[in-house]
Amino acid sequence: MPELPEVEITRRHLAEAMVGRKVQAASLHHARTSRYNASPDEVEVLLVGRSIQSVGRLGKFLVIELDDGHTVVGHLGMSGRFSVTSPDANVEPHTHFIATLDDGKQIRFIDPRTFGFVAVFDAEALAESGVARLGRDALLDLPETAELLSFLQGRSAPIKALLLDQRLVSGLGNIYADEALFMAALNPLLAGGDLTSDQVDRLRDSIARVLEEAIENGGTTLDDLAYLLPDGKAGDNMSVLAVYGRTGEPCRRCGSGIDRVVVRGRSTHFCPECQPQ
DNA sequence: AACGATCCCTGTTGGC
DNA sequence: TGCCAACAGGGATCGT
């Protein structure tokens, strides 16, 4: 599933293709993909003729500024993918959105499970959108240990659940939350408020390292869910995952079997020896 | 307020 | 082999 590293890699590709370009045509074929606008038509009307000023990212959201003050917000959900193609390229199944730019290139959004979306917001709608509720970005703006400690103070929820809460720090999903907890040698079920300053310090460093390594590796492409980069290539990061998806397999550090529990409805992978309660 | 459960959706997988 | 239930999960929403 796309998390911060995969969205960041997507952002870089889209920025290269889109910044300074004008949208010549836009078509949106799926009401669920445009669910944050009044209709698919509204997305098309708001986009055509606009120039793209910047392609940014906050957490797992892509934030694209247009020349008239509107903002395009995109989210990959769990199966979404943007591709940059020529207009005559084969249109893949589940292609819900196509924008044609003034250099002839097309930006396409392909999303089988439709958890993702493409929205065009004015300033008011943006301020009420999910983007406005995000905590600091885990890659660009990771809070210092002291600030994280105060966030966690008094929280009884397991640290795994708190890492998935995008209001705390934005960008971590199920894969990198598990990987960061393993790297920090922290049990995912520990209550957030029980973490010591040293533990939060380790967790902070681990979050940064896990995300940076994943970006260097081109992101994580799982076998079952074909996350692909916008150029169609697969990422390499799955080969270095320590715990995610490795239930029953030997821990890369100590050799004992990786365990799996469910936290807040999400599968959670950890080494019971390296990450004791 | 904090926390957990539920829902959305479809390709893949595992059990029978 | 074929069928179908179970599973995967980010974010919104709702109940406790």
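All heavy atoms count here, side chains included; hydrogens, waters and symmetry mates do not. The chains referred to below are lettered A, B, ... by the order of the sequence lines, with proteins before strands, and numbering in each begins at 1.
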Undergrad: What is the distance, rounded to the nearest whole Å, between atom CG of A:Leu163 and atom P of C:dG10?
TA: 12 Å

Undergrad: With respect to the phosphate group of B:dG11, does any side-chain polar atom (N or O) of A:His94 fall under 4.0 Å of OP1 or OP2?
TA: yes

Undergrad: Whole-Å distance between B:dT10 C1' and A:Arg32 CZ?
TA: 11 Å

Undergrad: For A:Arg167 and for A:Arg266, find the nucleotide of DNA chain B with the closest heavy atom, then tell me which residue's nucleotide is more 5'.
TA: A:Arg167

Undergrad: We want to know whether A:Glu65 and A:Ser54 form a side-chain donor-acceptor pair, criterion being a heavy-atom distance below 3.5 angstrom.
TA: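 A:Ser54 and A:Glu65 do have a side-chain donor-acceptor pair below 3.5 Å.
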
Undergrad: May I ask you to say what A:Phe117 touches in the nucleic acid, namely base, sugar-phosphate or nothing, with a heavy-atom cut-off under 4.0 Å?
TA: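 Counting heavy atoms under 4.0 Å across all strands, no contact is made by A:Phe117.
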
Undergrad: Could you tell me the separation between the CZ atom of A:Arg264 and the C1' atom of B:dA5, rounded to a whole number of Å?
TA: 10 Å

Undergrad: Rounded to the nearest Å, what distance is computed from the CZ atom of residue A:Arg35 to the P atom of nucleotide C:dA12?
TA: 9 Å

Undergrad: Does A:Arg209 pair with A:Glu212 as a salt bridge, N-O distance under 4.0 Å?
TA: no

Undergrad: Rounded to whole Å, please give me the gap between CD1 in A:Ile159 and C1' in B:dG4.
TA: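 Checked: the CD1 to C1' distance equals 17 Å.
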
Undergrad: Starting from C1' on B:dC9, measure out to CZ on A:Phe115 and report it in whole angstrom.
TA: 5 Å

Undergrad: Which part of the nucleic acid, if any, lies within contact of A:Gly265, taking any heavy atom under 4.0 Å across all strands shown: a base, the sugar-phosphate backbone alone, or nothing?
TA: nothing

Undergrad: Please state whether the phosphate of C:dG9, meaning OP1 or OP2, lies under 4.0 angstrom from any side-chain nitrogen or oxygen of A:Ser267.
TA: yes

Undergrad: Out of the candidates A:Ile207, A:Asp165, A:Val210, A:Leu4, only one should pair with A:Leu172 under the side-chain contact (heavy atoms from CB on, under 4.5 Å) rule; please name it.
TA: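 Among A:Ile207, A:Asp165, A:Val210, A:Leu4, the one that satisfies the side-chain contact (heavy atoms from CB on, under 4.5 Å) with A:Leu172 is A:Ile207.
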
Undergrad: Using the ring of A:Tyr244 (Phe, Tyr or Trp, six-membered ring only), decide whether A:Arg260 places NZ or CZ under 6.0 Å from its centre and within 45 degrees of its axis.
TA: no

Undergrad: Ignoring backbone atoms, establish whether A:Gln166 has a side-chain N or O less than 4.0 Å from OP1 or OP2 of C:dG11.
TA: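 Checking A:Gln166 against C:dG11: at least one side-chain N or O falls below 4.0 Å of OP1 or OP2.
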
Undergrad: May I ask you to decide whether A:Arg81 forms a salt bridge with A:Asp111, counting only side-chain N to carboxylate O separations under 4.0 Å?
TA: no

Undergrad: Verify the contact: side-chain N or O of A:Ser79 to OP1 or OP2 of C:dG9, cut-off strictly under 4.0 Å; return yes or no.
TA: no

Undergrad: Starting at CD of A:Gln153 and ending at P of B:dA1, how long is that distance when rounded to a whole Å?
TA: 17 Å

Undergrad: Can you find a donor-acceptor pair, distance only, under 3.5 Å between A:Arg155 side chain and B:dA2 base?
TA: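 There is none.
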
Undergrad: Ignoring the backbone of A:Arg113, work out which of B:dC3, B:dG11, C:dA12 is nearest its side chain.
TA: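 Ranking B:dC3, B:dG11, C:dA12 by closest atom to the A:Arg113 side chain puts B:dG11 first.
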
Undergrad: What nucleotide among C:dG10, B:dG11, B:dC3 has an atom nearest to a side-chain atom of A:His75?
TA: C:dG10

Undergrad: Give A:Arg133 one of three labels, base, sugar-phosphate or nothing, depending on what nucleic acid heavy atoms sit under 4.0 Å from its own.
TA: sugar-phosphate

Undergrad: Quick one: is A:Arg260 getting a side-chain N or O under 4.0 Å of the C:dA8 phosphate, OP1 or OP2?
TA: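 Checking A:Arg260 against C:dA8: at least one side-chain N or O falls below 4.0 Å of OP1 or OP2.
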
Undergrad: Measuring to OP1 and OP2 of C:dG9, would you say a side-chain N or O of A:Tyr176 lies under 4.0 angstrom away?
TA: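 For C:dG9, OP1/OP2 do not have a side-chain N/O of A:Tyr176 under 4.0 Å.
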
Undergrad: Closest approach to the side chain of A:Leu162, judged atom by atom: which nucleotide of B:dC3, B:dC9, C:dG9 is it?
TA: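 Nearest to the side chain of A:Leu162 among the choices is B:dC3.
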
Undergrad: Which whole-number value in Å describes the distance from A:Leu58 CG to C:dG10 C1'?
TA: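 About 15 Å, once rounded to whole Å.
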
Undergrad: Run the ring-ring contact (aromatic ring centres under 6.0 Å, His included) test on A:Phe109 and A:His96 for me, step by step, so that the C-alpha distance in whole Å, both residues' side-chain angles and the decisive distance to 0.1 Å come before the verdict.
TA: CA-CA 6 Å; A:Phe109 183 61; A:His96 303 316; 7.0 Å; no

